[in-house]
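Notes for the one structure printed next.
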Amino acid sequence: MSFKSWINGEEDLLLNNLKTTRREDDHVKPLLTDEEKKSENSKVLNKIYNVEDNRRLKRFDKTYRVVAIVFCVLLAAAMLFTISYLPKVGDPDTPANSSVVSERYIESGLQETGATNIVTGMILTYRAFDTFGETNVLFIATVCVMVLLMLDEKILEKLDKTSDRIYEPDYDPILTLAAKVLCPIILLFGIYIVLNGQLSPGGGFSGGAILGAAMILYNAAMGFGKTQRFFNENIYKVAKITALCMYGLIGTYFYITGANGIDNMIPLGTVGAILSGGIILPIDIAVGIEVACTMYAFYALFRRGGL
Amino acid sequence: MDFVRNLPAISILACMFAAIISSGLPRRAARFLNYVLIAAVGGMSLMCLAYVMNIQGSVVYVMGKFPAPWGNEIRFGVLECLMALFFSVVMFLAVLGGRHKMRDEVAKGKEFLYYVLIDLLFSSLLALVYTNDIFTAYVFVEINTIAAAGLIVIRENGRTIEAGVRYMVMSLMGSGLLLAGIMIMYDVTGHLLMSNIKEAVDQIISSGEYYIPVIVAIALMTTGLCIKSALFPFHSWLPDAYGYSTVSSAAVLSSLVSKGYIFLLIKLFYRVVGFEVISNSHILRIMFVFGLIAMISGSVSAIKQSDIRRMIAFSSVAQIGYIYMGFGMGTEAGMIASIYHIMSHAATKSMLFISAIGLTDVSRGSRDFKDLTGAALRNKVAGVGFLVGSLSMVGIPLFSGFISKLQFMNAAVDLSLQKMLPSLIVLGISTILNAVYFMKTVIRIYTPVTKVEGGMEELTVMEGERIGINGVVHEEDRITFRKQILYGTVIILFILLNIILGVFSNEIITMIRMGLEMFA
Amino acid sequence: MGPNLLANYSEAVAFILFVIGFANLLLQKNLIKKIIGLNIMDSGLYLFLAAKGYITGRVAPIVVDGVQSVEAYINPVPSGLVLTGIVVSVSVTAFMLALTVRLYKRYHTLNLDEISMWLNKEGR
Amino acid sequence: MIIFMVILMGILMVCAIAVTATKSLLNSVLVFMGFSIVMSIIWILFESPDLAITEAAVGAGVTTVLFLATLKRIKAIDLEENLIIEENDQSEIPSWAVAENNEKVEGGASDEL
């Protein structure tokens, strides 16, 4: 099939199965003959070793540096000057610390959100829209990394057969054993943090990052083959889309009902129990899954070019 | 409560949902969803616009059950809805216009990601337009930045990736400054909602305590947004990013992304600090000067280019200079002129990018001026589109560019002498320079190739091949309307949009004025 | 100069970190170091914000024993904002690193100047 | 307490400057990891345990891993490049004349990535 085209250089099996014929409007120069190539090379060399040109470049570089340093120094001076006029650190009477905003978060946060951890309660109910945006930042970053680094399925399979060892150690007993011992503990800790987001420090983001770190450790020790048994691209897609949609649906329900003055049907639960906090717990779980998937996906895309 | 009030929030959330779902859909479905989404958002914005025109006031919508200053909220008046409607129209046309090039430009398995990026970019633009919370604005600025960078690099060649890196570095410096400004602002006011910050700022200005931090915070935020919207000294990433990315990306980036930041800046001026405070500070004067420099230097760089898309990209630098000059005037007339120019530039620039691709298509993909000779005769629709865009840019009556130039002139005449003279002079010079490079191109693309006599040695290899011995153009190099119905329709719609902006300028300016009144 | 510079030493450090990161972003030629500079810049900002929310003698905003008075806890808003910010900066970092890998694959250098030199040779 | 805080801040500054000054990329990444850990301690002192957990997991953990993965990837690309040059001496062909995606074809079954 494509062997012939590979021989002819039209198709690169190693890369993205892209046709390597030039794209039409890229305006690559027409292929050169040897002499033209030589003259072209000498032209380039002349340009590089052109004293006049280089001097100009160097001068530009120098001015750029000087301007940048001056700008930074000025910025630092301005910042320090500003800080000297700002309210004192640790002072309870600054505008930010004594404003009505934080007052209500602290005084009635527990009744309104059902969360003991005021920070989690704040970011997931009062400022829920921000946090949804933030989750989307993670999502779009994965999309962009995929654009840049994802390789085609076929190429990946071929690569895996030939050369897994370039990315992974063959079989490192210390690493494997350590991972076997540590991974369950880290995973448990991550799940604990996700589920207790409304009660103790942590929440979806930190817990998700810990879960992702555990998966990265497992992967680094065991290789992609073993990880793929329980986490491959399809599972990743399903998990990510489900988690984000769940978050989105809960969020939308919350925004729309709240804005239209309809009562929220999600019960707040008893304070201090795991099943409390109304919308916080499901959102935390969704965020945890999404963040864990994202962190692992970053790593996998960097190491292998696919999940 | 009327259901219409929910529509802005629903439109933002719908974009996000579409993006999330598209990431698991095949290419065609993602594309279809994208088109439906943009059209639906356009419809919703139209309904909102009618609603706010009807009640003659702006509407505050609380996201969640907690009112200001505790929860997030969005707020929409005439100006916001107008912008949202306009953004969706331009977005729709830009995405449709680049559709036929998609297969060449985006790698095979990644097309659905393109639509995910467009969806999220659109959601962030809408959120920037509607939001009333300064930190939400920051988060969506970041989404906008990353999505725009993704749109640049999705065409994977060396230059776009390099441009993407430059863009990210510049933008991240901008975001850093913006965030620093927001934080200082939060520190001295204790609020994150724009309307509440304004009350606190008014108090600070009258009492004098924390005056310096407030001014520094405004300066930092303004600088950050100026960097992000590629004002003159910060435009180094722009020509490569616009010149080598995919067609739709170039159109969307040039017409919408930087405009989102500029709209946020307007919001900052009116809703966060109050226009009186800002016009008494020196910030506007600095913006005025940089705007003037950008107008000249962008045009001069555009004249030097021999690559049509880079030329259009450099012209963007000049046009952003116009917008900042309008801000810098410090009067309401200048502001209105700038806002009108945002719209006119967005409509015109995306049309220029999309017709330029039609011209290069019939020139064997070459973007060099030499090879473009006679391109408009080979692809008539694209030629007409480019002609109309150029005329509008230069400022010929009937098209939108004329009205915006007229508005700038009107605004300039009312200024004090030291601002009036430079702005009028620079406007004149810039118009001439615009005319030089656009008309040069228009004449070039309408020159028939067969008439080149005795100049065969000047032609490139490619052109010689195409013309053949008898100077006959090969049939496959012609693109008629019938071959690309969608593309032709898009160009015609763009021309119509431009003429509508030009002809109904009075109504639009009235709407902008009304919107500005209910903005603060 | 205002009166509070010495009392606000942690903010001073925060903004010095911000400026160091900013300078790295502006002046470093090496892309990896640019990205580290970006992270330092963001960290500086977050340090500033966290310092703002801190109130001497009060504890973390987690309700213990039903005490819900403002006098007991620090300001929770900055913590929430910083949480958002950290997540944003890790996404940006990942994206920039991916760009770096692609650029390296294409031009075999991490130095932005050399890359622009290559681009010049490609004729732009 | 204040002294401890001042010392930590001093370490932060030293780390930030050291990142700039170190020649080796690996060292600067490791120094940055130290920076993140110190940062998370500072956040505990500022009574923000949420941030401390997040910073330790994200800043010191995942970000550093991503940096290291990038460095490794870059090294792998370098190795391939050397192999290619040794196998068939192509060095005089300017690589700008070769389109991006067939750069590595000459190396045969070299390990792209």
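Heavy-atom basis, side chains included; hydrogens, waters and symmetry copies ignored. Because the structure is a prediction, the values reported are computed rather than measured.
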Inset, instruction - Identify which part of C/V101 has an atom lying under 4.5 Å from any heavy atom of chain A, answering side chain, backbone, both or neither. - result: side chain
Legend entry - Portion of C/L97 that has a non-hydrogen atom of chain A nearer than 4.5 angstrom: both
Of the backbone (N, CA, C, O) and the side chain (C-beta and beyond), which part of [X] lies under 4.5 Å from a heavy atom of chain C, both, or neither?
X: A/F81; result: both
X: A/T131; result: neither
X: A/I140; result: neither
X: A/I118; result: both

Legend entry - Test of ring centre spacing under 6.0 Å for C/F15 and C/F48: yes
Legend entry - Between A/T82, A/L75, A/T94, A/I69, the one whose heavy-atom pairs under 4.5 Å with chain C are most numerous: A/L75
Inset, instruction - Could you check which of A/P87, A/A96, A/A76, A/A141 has the highest count of heavy-atom pairs closer than 4.5 Å to chain C? - result: A/P87
Please give me the minimum heavy-atom distance between [X] and [Y], naming the atom from each residue.
X: A/T135; Y: A/L244; result: CG2-CD2, 3.7 Å
X: A/T113; Y: A/Y126; result: CG2-CE1, 3.7 Å
X: A/S200; Y: C/I62; result: C-CD1, 4.3 Å
X: A/I106; Y: C/I74; result: CD1-O, 3.7 Å

Inset, instruction - Name, in order of residue number, those residues of residues 79-94 of chain C that have a heavy atom at a distance of less than 4.5 Å from a heavy atom in chain A; otherwise write 'none'. - result: C/S79, C/G80, C/L81, C/L83, C/T84, C/V87, C/V88, C/V90, C/S91, C/A94
Do the side chains of [Y] and [X] get nearer than 4.5 Å, heavy atoms only?
X: C/L112; Y: C/K29; answer: no
X: A/R304; Y: A/L151; answer: no
X: A/M79; Y: C/F18; answer: yes

Legend entry - salt bridge (charged side-chain N to carboxylate O under 4.0 Å, His left out) partners of residues 77-100 of chain A, not counting sequence neighbours, each pair once: none
Legend entry - Heavy-atom pair count under 4.5 Å with chain A, highest-scoring of C/L27, C/V19, C/I55: C/I55
Legend entry - Salt-bridge criterion met for A/D130 and A/R127 (N-O under 4.0 Å): yes
